[in-house]
Amino acid sequence: MNKEQNPYQNAMAQLKKAAEIKSFNLAGRPKGAELLARLENPDREIRISIPVKMDDGSTKVFEGYRVEYNNILGPYKGGIRYHQETNINEVKALAFWMSLKCAVAGIPMGGGKGGITVNPKELSLEELERLSRGWMRMLADVLGPKKDVPAPDVNTTPEIMDWMNDEYGKITGDKSGAVITGKPLGKGGSEGRGAATGMGGFYVFESLRKDLGLPDKCKVAIQGFGNVGQNAARIFAEHGHSVVAVSDSKGAIYNPEGLDIEKVMGHKKVKGSLSGFPDSKEISNEDLLELECDLLIPGAFENVITEENADKIKAKAIMELANGPITPEADETLFKKNVPVIPDILANSGGVTVSYFEWDQNLKNEHWSEKEVFEKLRPMMADSAQKILQKAKENSTDLRRGAFILALERIAEKL
Ligand code: NAD
């Protein structure tokens with residue numbers, strides 16, 4: 001992650017660029033100026049201090065956040081990130097993108113995001129539970145199924161969602177589970193939530209593949225091997241594409257003939273890292289981004305493709321499964337180089353869509369099968385992808401601005 005770059009400034013630059021497209025002209029439309037003004041600031045940003053009793057008896061105070069960006073379309077919705085570099089600007093940017101993402105996905109939810117500045121790997125399981133319950137205790141009064149519904153993000157798991165849901169139930173008496181999504185199966189979680197972001201991305205890719213001039217069987221390089229990267233790698237490989245490189249925080253592995261993803265997943269599980277995987281060459285995360293391939297999928301963090309390396313990208317197309325991996329300057333370079341970018345707010349919206357399904361199931365006390373979940377997800381993702389392609393063509397612009405236009409039009413309708 002490039003720490004110099006403020007992701008919130010990037011997000012605002014993206015908004016400005018989309019709003020100013022002459023053929024779209026947001027400010028000149030009914031309610032357009034009002035919407036633009038509202039989107040330049042979150043409704044509410046909350047910072048909390050969470051005291052946690054550590055295993056050695058001492059007390060440590062962690063900084064936590066919840067940003068409620070806007071609820072024009074419905075309750076605030078967005079994940080909680082645990083990371084040592086998480087800060088308010090990152091959370092604000094992510095909350096802004098959630099507002100647009102829910103609109104792109106066509107779901108009745110607004111945008112929010114949360115986080116804690118912490119390296120969870122330095123905590124014991126018990127400390128992690130106390131921290132997570134602490135975050136919920138401090139925020140229980142602003143959250144709620146009809147108010148603000150969090151979910152997992154980087155380094156937060158179904159188990160953490162379960163602790164938080166349990167804490168919320170103890171405080172408020174609401175045991176519906178609809179206050180938080182991404183819960184474990186059997187604890188109110190939805191079938192398909194774990195794979196939803198990767199699967200949704202794959203449906204988008206399938207819908208746009210021919211339009212982007214990509215071959216039937218693509219060579220794919222994926223940065224990140226967590227929830228998103230691992231599921232994407234598995235799904236692309238299962239559909240006959242060749243995943244030539246994957247990476248985690250320690251580095252990348254590459255085989256131009258394609259990696260056996262099932263075996264890579266087994267190796268990562270046992271060794272805790274990708275390093276040492278047989279039949280592969282170890283390369284850096286930077287090298288992975290510059291590989292010769294059909295599709296590059298950044299699936300880890302923001303600001304990894306910047307002015308410095310955009311010119312060196314050799315992929316024929318990029319699909320952003322991570323949030324904000326490409327800076328606005330790099331976007332321009334890629335557009336000039338004719339490298340299409342499937343933007344995050346479309347590509348990774350499968351996650352929030354299945355989160356919305358989970359919330360809906362909890363409120364109705366239903367449980368849908370995985371088949372049902374993916375049968376509902378696929379047409380929604382394909383429809384949004386085609387609408388965005390259309391918007392981009394109509395306005396002679398790239399897919400990111402096409403996605404912003406679709407989202408802004410949908411939000412403006414509800415103002
Ligand atoms: P995760 O914590 O499960 O995985 C993150 C991965 O990134 C890990 O493999 C980690 O090793 C790797 N990583 C960490 N630092 C890195 C670095 N400097 N270079 C390369 N890789 C590095 O998180 P996740 O849920 O997979 O989320 C990844 C991205 O996808 C984030 O941008 C997140 O906001 C976005 N996203 C996630 C979801 C979801 O459903 N989980 C939904 C939408 C968007």
Side-chain angles (χ1 to χ4, degrees), residues 1-3 7 11 77-86 90-91 93-98 100-102 104-105 111 113-115 118-121 150-161 181-183 189-190 192-201 204 221-234 245-253 264-265 268-269 271-275 283-289 296-305 309 319-326 343-358 377 381:
M1 170 171 25
N2 180 346
K3 285 178 232 131
K77 182 92 194 79
I80 309 162
R81 177 172 293 195
Y82 287 4
H83 196 272
Q84 58 278 18
E85 283 168 16
T86 287
E90 183 184 54
V91 178
L94 292 163
F96 166 77
W97 286 320
M98 283 307 298
L100 299 190
K101 194 179 299 182
C102 292
V104 160
K113 203 83 186 187
V118 61
N119 180 355
K121 290 177 191 143
D153 189 65
V154 171
N155 287 329
T156 48
T157 59
E159 190 178 25
I160 294 175
M161 298 304 109
T181 58
K183 300 178 294 296
S190 177
R193 176 61 186 88
T197 306
M199 190 59 102
V204 167
I222 303 177
Q223 185 182 57
F225 206 61
N227 173 308
V228 167
Q230 211 165 122
N231 278 299
R234 180 182 57 74
V246 294
S247 71
D248 61 15
S249 56
K250 295 181 200 113
I253 52 170
V264 177
M265 284 165 67
K268 167 96 182 165
K269 205 168 172 185
K271 307 267 181 200
S273 128
L274 297 168
S275 177
I283 59 173
S284 68
N285 259 297
E286 291 73 32
D287 294 339
L288 179 145
L289 297 170
L296 171 64
I297 302 184
F301 271 100
E302 53 263 34
N303 297 338
V304 295
I305 302 179
N309 59 357
M319 180 161 76
E320 297 181 319
L321 285 187
N323 284 307
I326 303 181
D344 46 9
I345 59 170
L346 167 65
N348 68 30
S349 64
V352 74
T353 304
V354 176
S355 269
Y356 158 66
F357 293 164
E358 179 175 331
L377 179 65
M381 300 299 296

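Atoms within a ligand are numbered from 1 in the order they appear, just like the ligands themselves. No hydrogens, no waters, no symmetry mates; every other heavy atom, side chains included, goes into these values.
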Judging by distance only, is a nitrogen or oxygen of [X] under 3.5 angstrom from one on ligand 1?
| X | value |
| --- | --- |
| A322 | no |
| N323 | yes |
| F301 | no |
| G226 | yes |

- Message: I'd like to know if the side chain of E286 pairs up with that of N309 as donor and acceptor (distance under 3.5 Å, no hydrogens or angles considered).
- Response: no
- Applying a 4.0 Å heavy-atom criterion (strictly less than), which segment of T197 is in contact with ligand 1: side chain, backbone, both, or neither? side chain
- Logged contact type for R81 with ligand 1, heavy-atom cut-off 4.0 Å, is side chain
- Any idea which of A196, A232, S249 brings a heavy atom closest to atom 10 (C) of ligand 1? S249
- Task: Using heavy-atom distances, let me know which of L94, V228, L321 sits nearest atom 26 (O) of ligand 1.
- Result: V228
Closer than 4.0 Å to some heavy atom of [X] - which atoms of ligand 1 meet that?
| X | result |
| --- | --- |
| N348 | 43 (C), 44 (C) |
| G299 | 28 (C), 29 (C) |
| D153 | 33 (C), 34 (O) |
| N155 | 2 (O) |
| D248 | 11 (O), 20 (C), 21 (N), 22 (C) |
| R193 | 40 (O) |
| N285 | 19 (N), 20 (C) |

- Query: Could you give the distance from CD (E302) to CH2 (W97), rounded to the nearest 0.5 Å?
  - Reply: 6.0 Å
- Message: Using 0.5 Å steps for rounding, measure from the CG atom of L377 to the OG1 atom of T353.
- Response: 6.0 Å
- Would you check if the side chain of T156 reaches a backbone N or O of I80 as a donor-acceptor pair within less than 3.5 Å? yes
- Checking S247 side chain against G224 main chain: does a donor-acceptor pair fall under 3.5 Å? yes
- Any residue meeting salt bridge (Lys or Arg N to Asp or Glu O under 4.0 Å) with K113, in chain and number order, not counting sequence neighbours: D153
- Note on the structure: Looking only at heavy atoms, the pair that brings P298 and M319 closest together is CD-O, 3.1 Å
- Note on the structure: Nearest heavy-atom approach of L296 to L289 is CD2-O, 3.5 Å
- Message: Quick one, L274 and V246 - any side-chain contact, counting heavy atoms below 4.5 Å?
- Response: yes
- Item | ring pair (Phe, Tyr, Trp, His ring centres under 6.0 Å) against Y82, all qualifying residues, sequence neighbours excluded | none
